[in-house]
Enquirer: 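I have a structure here, written as C-alpha cells, and I will follow up with some questions on it.
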2 protein chains.
Amino acid sequence: MATINEVADRAGVSTATVSRALNGKNTVDSELAARVLTAAEELGYRPNGPARNLRRQETPVLALIISDVENPFFTAISRGVEDVAHAAGYSVVLCNSDDDAEKERSYVSVALEERVAGVLLSPTGRTSGGELLSGTGTPFVALDRPLPGISGDTVLVDTGSAARDATKYLSEQGYRRPGCITGPAGVPTADERLAGYRDGLRAAGIRGCSSLVRRSEFKAAGAGRATRSLLELTQPPDSLLVANNAMALGVLETLRELGLRAGSDVGLVAFDDAPWARLLDPPLSVVAQPAYDIGTVGAQLLLSRIGNERGEPTTTTLSAHLVPRASSDPRWKPF
Amino acid sequence: MATINEVADRAGVSTATVSRALNGKNTVDSELAARVLTAAEELGYRPNGPARNLRRQETPVLALIISDVENPFFTAISRGVEDVAHAAGYSVVLCNSDDDAEKERSYVSVALEERVAGVLLSPTGRTSGGELLSGTGTPFVALDRPLPGISGDTVLVDTGSAARDATKYLSEQGYRRPGCITGPAGVPTADERLAGYRDGLRAAGIRGCSSLVRRSEFKAAGAGRATRSLLELTQPPDSLLVANNAMALGVLETLRELGLRAGSDVGLVAFDDAPWARLLDPPLSVVAQPAYDIGTVGAQLLLSRIGNERGEPTTTTLSAHLVPRASSDPRWKPF
DNA sequence: CACACTCGAGTAATCGTTTTCTCAAAAGTT
DNA sequence: AACTTTTGAGAAAACGATTACTCGAGTGTG
C-alpha cells in the first residue's frame with residue numbers, strides 16, 4: 001500500500017506538503033495541491049491510521065461495549081450513540097461482551113491500548129471492566145448501570161420507580177398476587193427493579209412474599225425456568241413483573257407450554273418495549289425505557305469530556321414509563 | 001500515560017528488554033523480566049496500540065460491517081464471527097451502516113485506514129463500499145450478498161430455492177393466490193427471493209400475477225404499506241411470502257389493523273427465524289437462515305486469507321430451511 | 001534602495017513501539 | 001590456553017504520518 005513518500009515523489013513535492021494538502025491546510029499553493037491530489041488518487045493512497053494516530057496522539061473512535069447485541073434495548077442505545085458520535089466526526093465501534101466479565105475486560109483493554117478517544121460501557125455484572133478504566137486518562141461513561149465503586153459520568157434509568165408503578169398498576173388491574181422475575185443479585189438494575197416491585201406491593205397494601213420472587217440471568221432460558229417454578233407453586237402468583245425483554249421471551253414460552261394465557265390467566269408486564277411486543281396476543285404491557293436517549297445523552301457527555309470539560313462526575317437519570325396493553329388486563333379474551 | 005521508556009528507566013533496563021519481557025520472548029533473564037513486570041505493573045503501563053500496530057504492520061482486529069444492528073439476522077451473524085475471531089486471538093469491531101451506502105463507504109474507509117487485518121462486509125445496496133476494498137491488499141469477505149462486479153470470497157444463502165419451496169408449500173397448504181413482499185430491485189437477496197417465489201408458483205401450477213408482488217425497503221414500515229395495498233386489491237392474495245423479519249413485523253401490524261388473522265385469513269411465511277416468531281398467535285412460519293453459520297464460515301474464510309491462503313475467490317452457499325408453523329395453516333383457529 | 005515581513009515549501013524531529021544489529025561476557029572445544 | 005560458539009542485553013533503525021523549525025523568495029514600507 002502506497003505511503004506518503006511515494007505520493008510526495010510522484011507529485012514532486014515534500015511529504016510535508018502532501019500532508020498539508022491532504023489535510024486541507026490553506027498554506028499550500030493550489031497548483032501543488034492539485035498535483036498532490038491527483039498523485040494520491042492515482043496511487044490509491046490511503047493514510048496509515050496507526051501512524052497518524054500515533055503522531056496526533058488521538059484516535060477519532062469511540063468504543064461502545066454492551067453486554068448483548070441481540071437485545072433490542074442495547075441496539076437502540078447503540079443507535080443513539082452512533083447518531084451523536086457520527087455528527088461530531090467520530091466513528092463508533094461496537095463490542096459485544098456477551099455478559100461475560102472476562103470478555104468485557106478484554107474489550108476495555110483493547111480500547112485503552114488502541115487509545116480510543118472515549119469508552120461507553122454498559123457494565124455486565126459485578127466484576128466489571130470499569131476498574132481498568134478509572135485512573136487511565138481515557139474518558140468514559142457508564143450506561144444503564146453504575147460502575148461499582150468507581151466514580152464517573154453515568155446515565156441511568158429510574159427503573160425503581162417504574163417497577164413500583166408497574167406493580168401498583170398490576171394490583172389496580174385486579175391482580176392480588178404479583179410475582180417478580182429479576183436479574184442476578186448484585187446487578188443494580190436487577191436489584192432496583194426488585195426493590196421497586198416491593199415498594200409497589202407495599203403501596204398497594206399487599207403483603208409481599210419472598211417465595212414469589214425469582215432471580216435468573218437476564219436471558220430467556222433462566223426466566224422460563226423461573227416462571228415454571230413459580231406457577232407450579234401451590235399458591236402461584238396471578239401476575240408477573242419481568243425485568244427485561246429477553247426474559248419476557250422465556251416467560252411467554254413457558255406460559256404457552258403450560259397452556260396459560262397472558263392477561264386472563266397471568267397478568268404480565270415486562271421491561272423494554274421491543275418491536276414485537278405489541279404484536280403478541282395479547283399485546284405485551286411494557287415498561288418502555290428511553291434506550292435511544294441513553295445513547296445520545298451518554299455520547300454527548302463523553303464528547304464533552306473528550307473536549308476537556310472539567311468538573312465533578314455527573315449522573316443523569318432518565319425516566320421510564322409504563323405502556324399498558326392487554327397482557328395486564330385480567331378481562332382480556334382471545335376474541 | 002506511561003510509555004515503554006519510563007518502564008525501562010524504572011526497571012533499569014533498555015526499552016528493548018522491556019519489549020521482549022512483556023511479549024514473552026524467552027531470551028530474557030528471568031530476574032530482569034520480573035523487574036520489568038513489576039515496573040510495568042506499578043506504572044499501570046499499557047502498550048500504545050497505534051505505535052505497536054505501526055511497527056508490526058498489522059492490527060489484530062476484524063471489522064464487521066452490517067446494515068442493521070437491530071435485525072436479529074445480523075446480530076446472529078455477528079455472534080458467529082465473534083466466536084471464531086475470538087478463538088483466533090482477534091477482536092471484532094461491529095459497524096452499523098444502517099443500510100446507508102454513504103455510511104458503509106465511510107466505515108470501509110475507516111477500516112482500511114486503521115489497517116485492520118480483514119473486513120467482513122454485508123453489503124447494503126447497489127453502490128456498495130466493496131469497490132473501496134477491492135484492489136487494496138486488505139482481505140475481505142462478503143456476507144449474505146455478493147459484491148456487485150467485484151470478485152472476492154463470498155458466503156451466501158440459497159434463498160432462491162428456499163423461497164421456491166416456501167411458495168410451493170403455501171400452495172400445498174391450500175393457498176391459491178400467494179403474494180410476495182420483497183426488497184428493493186437490484187438487491188440480490190430481494191431479487192432471488194422474488195425469482196424463487198415465481199419458480200414456486202410455476203412448480204405449483206399457479207399462474208403468477210405481477211400485481212401480487214410488492215417491493216419496499218427491508219423495513220417494517222414499507223412492508224406494512226405494501227401489505228395494505230395488496231389486501232385492498234379487489235382480488236387480494238390469500239397468503240404472503242415476506243422477504244425478511246423486519247418486514248414481517250410491518251406485515252403483522254397491518255394485518256392486525258385490518259382485523260385479519262394470519263393463517264386462517266392470510267397465510268404467512270417470512271424469512272428469518274427471530275426469537276419472537278414462535279410466540280405469536282399463530283406462531284409464524286419462517287424460512288430459517290443459518291445466520292450464525294454465515295458468520296463462522298465467513299470468519300474462517302477471512303482468517304485463512306489473512307494467513308496468506310492463496311487461490312481463487314470462493315463462494316460458499318449455505319442452505320435455508322422451512323420451519324412450518326401455524327401462520328401458514330388455513331385451518332388454524334385461535335382456540 | 002535597504003529593510004522588515006509575509007508566505008510557502010522543504011528539512012528534520014517526533015510519536016512509542018518492535019526488531020535488527022552489535023558486542024561483551026560466558027560457555028564450550030580442542 | 002587460545003579460539004569458536006552461544007547467550008543476553010543495549011544501541012539504534014525502522015514503521016508512516018504530522019508539525020515545529022528553517023530559510024529563500026516575494027512584497028510592502030520608509
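Lettering of chains follows the sequences in order, A, B, ..., and the numbering in each one begins at 1.
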Enquirer: Write down the distance between CZ (Arg35(B)) and P (dG8(D)), rounded to a whole number of angstrom.
Expert: 16 Å
Enquirer: What nucleic acid atoms does Thr17(B) come within less than 4.0 Å of, heavy atoms only: base, sugar-phosphate, or nothing?
Expert: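 Answer is sugar-phosphate: Thr17(B) comes under 4.0 Å of backbone atoms only.
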Enquirer: Taking side chain as C-beta onward, heavy atoms only, is Leu120(B) less than 4.5 Å from Val92(B)?
Expert: no
Enquirer: Just the rounded figure in Å: distance from P of dA12(D) to CZ of Arg55(B).
Expert: 16 Å
Enquirer: Would you mind reporting whether Tyr90(A) and Leu302(A) have side-chain heavy atoms less than 4.5 Å apart?
Expert: no
Enquirer: Taking the side chain as every heavy atom from C-beta outward, state whether Leu143(B) and Val141(B) have any pair of such atoms under 4.5 Å apart.
Expert: yes
Enquirer: Within the structure provided, determine whether Leu133(B) and Leu112(B) are in side-chain contact (heavy-atom separation under 4.5 Å).
Expert: yes
Enquirer: Both Arg46(B) and Arg20(B) contact DNA chain C. Taking the nearest nucleotide for each, which residue is further toward the 5' end?
Expert: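 Closest to the 5' end, via its nearest nucleotide, is Arg46(B).
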Enquirer: Please report the distance, rounded to the nearest Å, between CG in Leu32(B) and C1' in dG10(D).
Expert: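 After rounding, the gap between these two atoms is 11 Å.
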Enquirer: From the 5' end of DNA chain C to its 3' end, which nucleotides mark the outer limits of contact with chain A, defined by a 4.0 Å heavy-atom distance cut-off (strictly under)?
Expert: dG8(C) to dG16(C)
Enquirer: Tell me the interatomic distance from Met1(A), atom CE, to dA17(D), atom P, rounded to whole angstroms.
Expert: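 Distance check: Met1(A) CE to dA17(D) P gives 10 Å.
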Enquirer: Working to the nearest 0.5 Å, report the span between CZ of Arg115(A) and CZ of Arg46(B).
Expert: 8.0 Å
Enquirer: Let me know, please, whether Ile4(A) or Gly12(B) comes out on the 5' side of the other along DNA chain D by nearest nucleotide.
Expert: Gly12(B)
Enquirer: Do Glu82(B) and Leu64(B) have side chains that approach each other closer than 4.5 Å (heavy atoms only, starting at C-beta)?
Expert: no
Enquirer: For Arg52(A) and dT18(D), is the shortest distance between a side-chain N/O and OP1 or OP2 below 4.0 Å?
Expert: yes
Enquirer: Need one value for Asn53(A): base, sugar-phosphate or nothing, where a base atom within 4.0 Å counts as base even if backbone is also close, heavy atoms only.
Expert: nothing
Enquirer: Can you measure Leu112(B) atom CG to dA17(D) atom P for me and round it to whole angstrom units?
Expert: 14 Å
Enquirer: Considering every strand and a 4.0 Å limit on heavy-atom distances, what is the contact class for Thr3(A): base, sugar-phosphate, or nothing?
Expert: sugar-phosphate
Enquirer: Are Thr138(B) and Met1(A) packed together at the side-chain level, in the sense that at least one heavy-atom pair is separated by less than 4.5 angstrom?
Expert: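 Not in contact.
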Enquirer: I need the CG-P distance between Leu22(A) and dG16(D), as an integer number of Å.
Expert: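 It works out to 16 Å between those atoms.
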Enquirer: dT7(D) C1' sits how many Å from Asn26(B) CG, rounded?
Expert: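 Computing the Asn26(B):CG to dT7(D):C1' distance gives 11 Å.
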Enquirer: Tell me the interatomic distance from Asn48(B), atom CG, to dC15(D), atom P, rounded to whole angstroms.
Expert: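 Interatomic distance, CG of Asn48(B) to P of dC15(D): 18 Å.
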